[in-house]
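Report on the structure given below.
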Amino acid sequence: MPVPHPTTGAGRFLRPLPAERPHLTRCTKLICSAFLTALLLAGVILFVAYLAVRPHRPRFHVASLAAAGLQQPGGAVVLSGRLSVRNPNQDVAFFYDRLFMSVRYRAYGDVVKDHDLNGAMPMYQPPKTTSDLAFESVAVPAGPATADMAAAAAKEGGGVVALTVKVRSRIQAKVAFWGSHWHPLHVACDVALGPDGQLLPEGQQKRCSTDFV
């Protein structure tokens with residue numbers, strides 16, 4: 001005579017527990033292990049690829065700079081020159097938003113502010129190329145700053161006028177079909193002019209400090 005399974009309080013038979021299936025457990029573990037391994041390998045490959053194409057910063061130099069009217073106390077000083085921008089990357093191109101130049105002089109602050117260097121247009125720079133940014137007739141208005149410049153240039157033994165040329169923009173790095181976000185770009189170039197208003201030799205092609213995050 002068959003023996004019934006224990007019953008619940010309601011008089012129903014308890015359902016027996018399902019038998020374990022070891023092959024399904026092993027299969028699930030193998031699938032999880034394969035997925036985690038593939039995910040780890042993908043992360044390593046992406047990290048190595050990033051290190052391989054990690055963009056180096058663009059290199060800015062003041063190639064030339066001249067200040068007309070520097071020896072005329074009380075008058076305006078007119079700046080002209082050329083900045084050189086080098087993209088040192090093998091596979092990374094740069095997109096620049098509008099580029100603005102300012103010139104700082106001693107405690108007088110920015111005697112030139114936000115001069116547009118590329119005609120209100122963005123600039124594209126392919127890998128391993130150099131671009132020039134020229135400017136002409138950028139005036140420093142007559143005032144205490146220009147009088148101080150003239151006095152510094154007129155000092156005995158060859159006066160020196162120290163300036164800081166600054167550039168600001170936004171920059172985007174691009175590799176093949178992938179492009180980064182826009183990042184703020186700040187450049188500072190410390191230069192010195194002789195009594196004739198020309199860039200001193202030691203300041204030519206001196207690399208500027210470049211900061212972008």
Side-chain angles (χ1 to χ4, degrees), residues 2-63 82-102 114 116-134 164-190 204-213:
V3 179
H5 291 283
T7 60
T8 63
R12 292 178 296 177
F13 287 104
L14 288 176
R15 181 176 297 177
L17 295 174
E20 291 187 2
R21 300 179 181 180
H23 63 286
L24 291 180
T25 302
R26 287 196 300 270
C27 183
T28 303
K29 289 181 178 179
L30 286 174
I31 292 174
C32 290
S33 299
F35 175 76
L36 291 176
T37 302
L39 190 63
L40 178 62
L41 288 175
V44 171
I45 292 172
L46 287 175
F47 180 70
V48 172
Y50 168 76
L51 292 179
V53 300
R54 179 176 53 180
H56 297 284
R57 298 178 181 185
R59 299 171 184 169
F60 282 74
H61 303 82
V62 178
R82 178 171 58 88
L83 302 178
S84 172
V85 187
R86 174 71 178 171
N87 179 0
N89 295 283
Q90 184 69 40
D91 301 302
V92 180
F94 285 134
F95 286 97
Y96 297 87
D97 200 356
R98 296 175 64 182
L99 290 132
F100 297 96
M101 181 188 74
S102 299
D114 290 342
D116 195 339
L117 284 171
N118 56 334
M121 297 292 292
M123 184 177 77
Y124 170 72
Q125 189 173 36
K128 289 291 184 181
T129 58
T130 301
S131 303
D132 289 332
L133 297 171
T164 300
V165 178
K166 302 185 298 180
V167 177
R168 69 174 181 88
S169 182
R170 294 191 308 158
I171 188 171
Q172 182 185 51
K174 185 173 179 62
V175 184
F177 57 87
W178 174 82
S180 70
H181 298 292
W182 287 100
H183 301 278
L185 172 70
H186 297 278
V187 180
C189 312
D190 293 324
Q204 293 178 346
Q205 295 303 320
K206 178 181 177 182
R207 187 184 296 186
C208 307
S209 65
T210 305
D211 180 30
F212 77 93
V213 181

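Since we're looking at a predicted model, the values are computed, not measured.
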For the residue pair Val165 and Met101, establish whether any side-chain heavy-atom pair is separated by less than 4.5 Å. yes

Tell me, do Leu133 and Met123 make a side-chain contact under 4.5 Å, heavy atoms counted? yes

Which residues satisfy the side chain to side chain donor-acceptor pair (under 3.5 Å) test with Arg86, sequence neighbours excluded? Thr130

side-chain contact (heavy atoms from CB on, under 4.5 Å), that's the test. Do Val62 and Leu83 meet it? Break it down for me. CA-CA 5 Å; Val62 178; Leu83 302 178; 3.7 Å; yes

State which residues pass side-chain contact (heavy atoms from CB on, under 4.5 Å) with Pro122; sequence neighbours excluded, sorted by chain then number. none

Just how far is it from atom SG of Cys189 to atom NE2 of His61, taken to the nearest 0.5 Å? 9.0 Å

Counting C-beta onward and ignoring hydrogens, is there a side-chain heavy-atom pair between Ser169 and Leu99 closer than 4.5 Å? yes

May I ask you to decide if the ring planes of Phe60 and Tyr96 are parallel, tilted or perpendicular, using 30° and 60° as cut-offs? perpendicular

Is there a donor-acceptor pair closer than 3.5 Å between any side-chain N or O of Lys166 and the backbone N or O of Val187? no

Considering residues at least two apart in sequence or located in another chain, which fulfil the side chain to side chain donor-acceptor pair (under 3.5 Å) criterion with Arg170? Asp97

Does Val92 offer a backbone N or O that forms a donor-acceptor pair with the side chain of Asn87 under 3.5 Å? yes

Could you work out, with side chain to side chain donor-acceptor pair (under 3.5 Å) as the rule, every residue matching Ser131, not counting sequence neighbours? Gln125

So does Ala188 get a backbone contact from the side chain of Ser209, meaning a donor-acceptor N/O pair under 3.5 Å? yes

Can you name the salt bridge (Lys or Arg N to Asp or Glu O under 4.0 Å) partners of Asp114, sequence neighbours left out? Arg168

Roughly how far, to the nearest 0.5 Å, is NE2 of His181 from CD1 of Ile171? 15.0 Å

When every non-hydrogen atom of Asn89 is compared with those of Pro127, the smallest separation belongs to O-CB, 3.3 Å

If I compare all heavy atoms of Thr210 with all of Arg57, which pair ends up nearest, and what's the gap? O-NH1, 2.7 Å

Phe100: partners by ring pair (Phe, Tyr, Trp, His ring centres under 6.0 Å), with sequence neighbours left out: none

Heavy-atom pair with the smallest gap, counting every atom of Phe94 and His56: CZ-O, 3.2 Å

